[in-house]
Novice: 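Below is a structure I'd like to ask you about.
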Amino acid sequence: MNLAILHCYGCLRVILLREVTSAGAVDLSVTIGALRLRNPILAASGTFGYGLEFAHLVDLNRLGGFVTKGLSREPIEGAPPPRLYPTPSGMLNAVGLQNVGVRAFVSEKLPVLRKFDTAVIANVFGYALEDYIEVIRVLEDAEGLAGYELNISCPNVKRGGMQFGNDPCLVSEVVGVARKAAAKRPLWVKLSPLVADIGLIARAASEAGADALTIANTYPAMALNSRTGKSRLGNLTGGLSGPAIKPITLKLVWETRKAVKTPILGLGGIETVEDVLEYLAVGASAVQVGTASFTDPRASQRIAEGLEKVVSEAKMFTLNEIRGKFLVENS
Ligand SMILES: Cc1cc2nc3c(=O)[nH]c(=O)nc-3n(C[C@H](O)[C@H](O)[C@H](O)COP(=O)(O)O)c2cc1C
């Protein structure tokens, strides 16, 4: 790493920690709208199964929560293999939203998940407006969920997903109908990173009733075998995730923070506590950990515990003092 960058990086850490004055119990809890989370670290949709697959490796009760694999009205088989391909500092995926369908999730997964003391957020996907409404309707009748995350940004399906997420009018429409359907619980909206003006999309989602915004999904991308000219993915194209996308997504969170007051969940390339501090500094209220769980299945718990250690060693306070630090320092 370049020395100048290392220096800046050190400065940011110092700025973040210098503000800490009062000693006391470590309180990592955060509020996202009406929802209170134990800490700001959640595992991200599609990288943590339905949570249960990780329960023997990760103490789910130590997480702020986790977001389920995207749930659709009917089961989806997903994209043809290969579905994953490693890239420099990242990964391509085209899973195609394979999932058991919302009804099987409610009857088979939720009863087991209810035993854990963690926030379970259901990620909701649809090909059309009616699908989003129906998935939420089924979930509304079930106990054990803390909220919903609306995926309007998946790059790996031909219909739905990003088609909704790119147009402020469509964003407004899909969030509006979902808001009406989701009477019981908070509604988070997961945005696409590939938009001309993230502030415009964020405003549309917020005005239509989003309680929080998840910034962001993967970046549409591709990789080829140079000898054969064939794609490395069965779906031909996929979504790029991992450390490679962190600097871009960090800027999107900053831009979103300037545009709206809605709480933001930062998501993209987080592997360390320092990554989390950076997202909080540009205005995120909490973060999600995605691809890191592929190399280290315990990544989310490791980061949550690491954050607690950093906060305690610095004799901190609450995370509120970090949030938006970059905005204040650089306004
Ligand atoms: C294998 C894989 C599957 C994913 N499936 C979903 C999904 O079903 N719904 C969704 O909203 N995001 C999905 N995502 C996107 C992640 O939740 C996250 O937005 C993205 O990977 C960026 O974060 P990261 O760099 O920490 O991985 C998936 C990502 C990966 C790598």
Side-chain angles (χ1 to χ4, degrees), residues 41-51 53-54 65-72 75-79 81-102 105 121-127 132 135 147-157 160-162 164-165 174 187-194 212-221 233-235 238-250 252-253 264-272 275-276 278-279 284 286-297 299-300 303:
I41 314 295
L42 295 96
S45 178
T47 63
F48 207 68
Y50 302 100
E53 299 86 338
F54 282 75
F66 71 88
V67 187
T68 68
K69 176 73 195 151
L71 300 168
S72 51
I76 297 180
E77 274 189 25
R83 290 173 163 190
L84 302 179
Y85 186 72
T87 57
S89 288
M91 182 173 95
L92 284 182
N93 91 81
V95 174
L97 290 163
Q98 178 186 1
N99 77 99
V100 297
V102 66
F105 170 77
I121 310 291
N123 184 283
V124 174
F125 174 77
Y127 293 117
Y132 284 102
V135 173
Y148 309 117
E149 181 180 74
L150 212 59
N151 178 4
I152 56 168
S153 46
C154 183
N156 301 327
V157 284
M162 266 180 81
F164 287 107
V174 67
L187 179 70
W188 300 356
V189 180
K190 185 165 180 177
L191 302 190
S192 166
L194 204 70
L213 302 170
T214 304
I215 314 285
N217 213 312
T218 53
Y219 294 70
L233 295 170
N235 189 52
L240 181 65
S241 62
I245 69 170
K246 197 192 84 181
I248 324 175
T249 313
L250 206 55
L252 291 177
V253 170
I264 298 168
L265 293 112
L267 167 59
I270 293 174
E271 290 189 318
T272 63
D275 295 331
V276 176
E278 289 179 38
Y279 271 100
V287 298
Q288 296 181 15
V289 175
T291 300
S293 294
F294 281 75
T295 42
D296 172 11
S300 44
I303 294 171

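For ligands, and for the atoms within them, numbers begin at 1 and follow the listed sequence.
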Novice: Distance under 4.0 Å to a non-hydrogen atom of Gly70: what atoms of ligand 1 satisfy this?
Specialist: 8 (O)
Novice: Taking all non-hydrogen atoms of both residues into account, name the closest pair between Asn99 and Ser72 and its distance.
Specialist: ND2-OG, 2.8 Å
Novice: So is Thr291 polar-close to ligand 1, meaning N/O to N/O under 3.5 Å?
Specialist: yes
Novice: Going by the atom numbers of ligand 1, which of them fall below 4.0 Å from some non-hydrogen atom of Gly269?
Specialist: 24 (P), 25 (O), 26 (O)
Novice: Give the numbers and elements of all ligand 1 atoms closer than 4.0 Å to a heavy atom of Phe294.
Specialist: 1 (C)
Novice: Look at ligand 1 and say whether Ala292 reaches it with a heavy atom at a distance under 4.0 Å.
Specialist: no
Novice: Between ligand 1 and Phe125, can you find any atom pair, the residue atom being a heavy atom, that is separated by under 4.0 Å?
Specialist: no
Novice: Check each atom of ligand 1 against the heavy atoms of Ala44 and keep those under 4.0 Å away; list them by number with element.
Specialist: 17 (O)
Novice: Give the numbers and elements of all ligand 1 atoms closer than 4.0 Å to a heavy atom of Asn123.
Specialist: 9 (N), 10 (C), 11 (O)
Novice: Just by modelled atom types, is the Met91 backbone N or O under 3.5 Å from a matching donor or acceptor in the Thr87 side chain?
Specialist: yes
Novice: Taking atom types as modelled, is there a side-chain donor on Tyr219 or Thr249 under 3.5 Å from an acceptor on the other?
Specialist: yes
Novice: Answer with side chain, backbone, both or neither: which part of Thr249 has a heavy atom less than 4.0 angstrom from an atom of ligand 1?
Specialist: neither
Novice: Looking only at heavy atoms, is any part of Asn217 under 4.0 Å from ligand 1, and if so is it the side chain, the backbone, or both, or is it neither?
Specialist: both
Novice: Run the side chain to side chain contact (heavy atoms under 4.5 Å, CB included) test on Asn151 and Leu97 for me, step by step, so that the C-alpha distance in whole Å, both residues' side-chain angles and the decisive distance to 0.1 Å come before the verdict.
Specialist: CA-CA 11 Å; Asn151 178 4; Leu97 290 163; 4.1 Å; yes
Novice: Show the atoms of ligand 1 that are less than 4.0 angstrom away from any heavy atom in Leu97.
Specialist: 7 (C), 8 (O)
Novice: When only distance counts, is Leu84 in polar contact with ligand 1, meaning an N/O pair under 3.5 Å?
Specialist: no
Novice: So between Gly46, Ser45, Gly49, Ser241, whose heavy atom ends up nearest atom 16 (C) of ligand 1?
Specialist: Ser45
Novice: Which atoms of ligand 1 sit under 4.0 Å from any heavy atom of Thr218?
Specialist: 20 (C), 21 (O)
Novice: Lys190 and side chain to side chain contact (heavy atoms under 4.5 Å, CB included): which partner among Leu265, Asn217, Leu213, Ile215?
Specialist: Asn217
Novice: Quick check on the 6.0 Å ring-centre criterion: do Phe48 and Tyr50 meet it?
Specialist: no
Novice: Specify the closest pair of heavy atoms between Ile270 and Gln288, including all atoms of both residues, with the distance to one decimal.
Specialist: CD1-O, 3.7 Å
Novice: Determine, stepwise, if the pair Thr214 / Leu191 fulfils side chain to side chain contact (heavy atoms under 4.5 Å, CB included).
Specialist: CA-CA 6 Å; Thr214 304; Leu191 302 190; over 6 Å; no
Novice: Would you check if the side chain of Ser45 reaches a backbone N or O of Thr68 as a donor-acceptor pair within less than 3.5 Å?
Specialist: yes
Novice: Would you mind telling me if ligand 1 is within reach of the side chain of Asn93, the backbone, both or neither, using heavy atoms under 4.0 Å?
Specialist: side chain
Novice: To which of Lys190, Glu271, Gln98, Met91 does the heavy atom nearest atom 12 (N) of ligand 1 belong?
Specialist: Lys190
Novice: Give the atom numbers and elements of ligand 1 that come within less than 4.0 Å of a heavy atom of Thr47.
Specialist: 29 (C), 30 (C), 31 (C)
Novice: May I have the step-by-step check of side chain to side chain contact (heavy atoms under 4.5 Å, CB included) for Lys69 and Glu53, ending in yes or no?
Specialist: CA-CA 11 Å; Lys69 176 73 195 151; Glu53 299 86 338; over 6 Å; no
Novice: Just do the side chain to side chain contact (heavy atoms under 4.5 Å, CB included) check on Tyr148 and Val135 with the steps written out, would you?
Specialist: CA-CA 10 Å; Tyr148 309 117; Val135 173; over 6 Å; no
